[in-house]
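Read through the structure below, which is laid out as structure tokens, and then see the notes.
Residue numbers start from 1 in every chain, and the chains themselves are labelled A, B, ... in the order their sequence lines are given, proteins ahead of strands.
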Protein chains: 2
Amino acid sequence: MTGSEQTPTSTRERLIEAAVRLFGERGIGATSLRALTEAAGSNIAAVNYHFGSKEGLLRAVIDQTMHAVNEERRRRLDTLEASGQPLTLPDLVRAFVEPGVGLTEGHGHRAPEVARFIGRVMNEPDPRIRQIFAEQVDPIEGRYLTAFGRALPELDEDGARFAYAGVIGLLSSYQSGTLTTLHGQPPEKADDDTNRERLVAFITGGLLGLQSTP
Amino acid sequence: MTGSEQTPTSTRERLIEAAVRLFGERGIGATSLRALTEAAGSNIAAVNYHFGSKEGLLRAVIDQTMHAVNEERRRRLDTLEASGQPLTLPDLVRAFVEPGVGLTEGHGHRAPEVARFIGRVMNEPDPRIRQIFAEQVDPIEGRYLTAFGRALPELDEDGARFAYAGVIGLLSSYQSGTLTTLHGQPPEKADDDTNRERLVAFITGGLLGLQSTP
DNA sequence: GCTCGTTTCAAACGGTCATTTTAATCGATT
DNA sequence: AATCGATTAAAATGACCGTTTGAAACGAGC
């Protein structure tokens, strides 16, 4: 309905954009609404007007960013399962990892910011934030958990959970930039494609290694 | 000099103990000095008196906890290199991972708390905290980075950095409890030994996978 | 031109933060 | 017993937090 205007960007949109960027850069707790609304060229009260609270804003941002990822993950898993062939591990890893890393849908040049934001949310300590994230991801997560368990038949249920958590931990480290910017400067070298292949290779290898010595 | 008294615990020690526990539980930024000093049965001003500031306290806690880890990592790497035999990947992974996970030195029954604290610090967003941690870890980190590079000869320098960062990311996720408490309740099953073996297997497999498809 | 719902804004509120100040307490030394 | 440095404690300071308030600005419909 809203039409595809040329970056007129309503206040609401600008708030979400700024939240993605600043939450990803500084962390959620360390980003004040004052800094956020100033970056959005808006007023503090706008957050409460449009989202009710800081948590409401965070929820909206997570909803908006994770929706595309969830949809793409669901689509890919559907495709893999519909093919009839037995699920290969690299394909499954790609189906889960690439939507998070790429985020080709929706966000264009801001895709790296969005990826970093999600990475930050994924390994957030605060249990309330973890809860919000979990609610958004829950349904598709269950499907992948069982898919990983099926692709790694030698693992018991607990092992499969460990495997899945390992995938998430590695993915979140990668997306939050910790992996590619070892605590000095940024890496400069290695383009995104190379790093994505490295990530997939690392995760796939890890899962295989986990299965062979349970 | 201070002798080995029976848990009389000076204020300074109690502050550090409480910091390890609360920083690990809630995250550093989310832990107020008021809550911390109350948990330590002390006064807010004691932090400033003994450590100068909250950052001074954090620095002292990181120093104290990481010192044993660094020493153990250095010792293990020395032993491996002195053996003359070519460095095997699982041994190298164990030499790096187990001191962080186990923390057998010094801290007794509080070892899990310390491990979680370190895990939290390792994937902390705040660049200032990352800097403090980096200073403490830098020297031994360099040795392991080159050791990993040597144990994975097919990787170029950039690939080795990615590998090392992957090890750190996975280890930090594991130690902070994210890996073993998938966002529902704690896992209940699987004792620590099992999980440690899983972690080593996952990391080793990931490194091998990374090497075979660079 | 006026009204009315929507949206923005400046200002203020109550609360908590880290830090500082000032005074009290303790323990050893003389 | 008095003294003095080391330590603890209570209270104040100034800054910043998320949230709320009440009024101004805006735009569409009559």
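- Taking Asn48(B) as the reference, nothing meets the side-chain hydrogen bond (donor to acceptor under 3.5 Å, both in side chains) condition, with sequence neighbours excluded.
- Remark: Glu113(B) engages Arg110(B) in a salt bridge, criterion side-chain N to carboxylate O under 4.0 Å.
- Partners of Glu55(A) under the salt bridge (charged side-chain N to carboxylate O under 4.0 Å, His left out) rule, at least two apart in sequence or in another chain, are Arg59(A).
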Collect all protein-nucleotide pairs involving nucleotides 19-21 of chain C in which both atoms are nitrogen or oxygen and the distance is under 3.5 Å.
{"from": "dT19(C)", "atom 1": "OP2", "to": "Lys54(B)", "atom 2": "N", "distance (Å)": "2.9"}
{"from": "dT20(C)", "atom 1": "OP2", "to": "Asn48(B)", "atom 2": "OD1", "distance (Å)": "3.3"}

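- Residues that satisfy the side-chain hydrogen bond (donor to acceptor under 3.5 Å, both in side chains) test with Glu25(A), not counting sequence neighbours, are absent from this structure.
- Against DNA chain D, the stretch residues 19-30 of chain B makes no heavy-atom approach under 4.0 Å.
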For residues 36-45 of chain A, tabulate all N or O donor-acceptor pairs below 3.5 Å that involve a side-chain atom, not counting sequence neighbours.
{"from": "Thr37(A)", "atom 1": "OG1", "to": "Leu33(A)", "atom 2": "O", "distance (Å)": "2.7"}
{"from": "Thr37(A)", "atom 1": "OG1", "to": "Arg34(A)", "atom 2": "O", "distance (Å)": "3.2"}
{"from": "Asn43(A)", "atom 1": "OD1", "to": "Ala45(A)", "atom 2": "N", "distance (Å)": "2.9"}

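- For the side-chain hydrogen bond (donor to acceptor under 3.5 Å, both in side chains) test, no residue two or more places apart in sequence or in another chain qualifies with Arg150(B).
- By the salt bridge (charged side-chain N to carboxylate O under 4.0 Å, His left out) test, Asp156(A) is found to be paired with Arg198(B), residues two or more places apart in sequence or in another chain being considered.
- The salt bridge (charged side-chain N to carboxylate O under 4.0 Å, His left out) search around Arg26(B) returns none, not counting sequence neighbours.
- Thr31(B) comes within 4.0 angstrom of the backbone, heavy atoms only, and of no base.
- Between Leu58(B) atom CG and dA18(C) atom C1' there is a gap of 14 Å when expressed in whole angstrom units.
- For dT7(C), the OP1/OP2 oxygens have no side-chain nitrogen or oxygen of Thr11(A) closer than 4.0 Å.
- Evaluation of the salt bridge (charged side-chain N to carboxylate O under 4.0 Å, His left out) rule for Arg94(A) yields Glu98(A), Glu197(A) as partners, not counting sequence neighbours.
- Contact annotation: His50(A) does not reach the phosphate of dT6(C) (side-chain N/O to OP1 or OP2, under 4.0 Å).
- Protein chain B contacts DNA chain D over a range whose 5' and 3' limits, counting nucleotides with an atom under 4.0 angstrom from a non-hydrogen atom, are dA6(D) to dA10(D).
- Remark: Phe96(B) pairs with Tyr144(B), Tyr164(B) by the ring-ring contact (aromatic ring centres under 6.0 Å, His included) rule, at least two apart or across chains.
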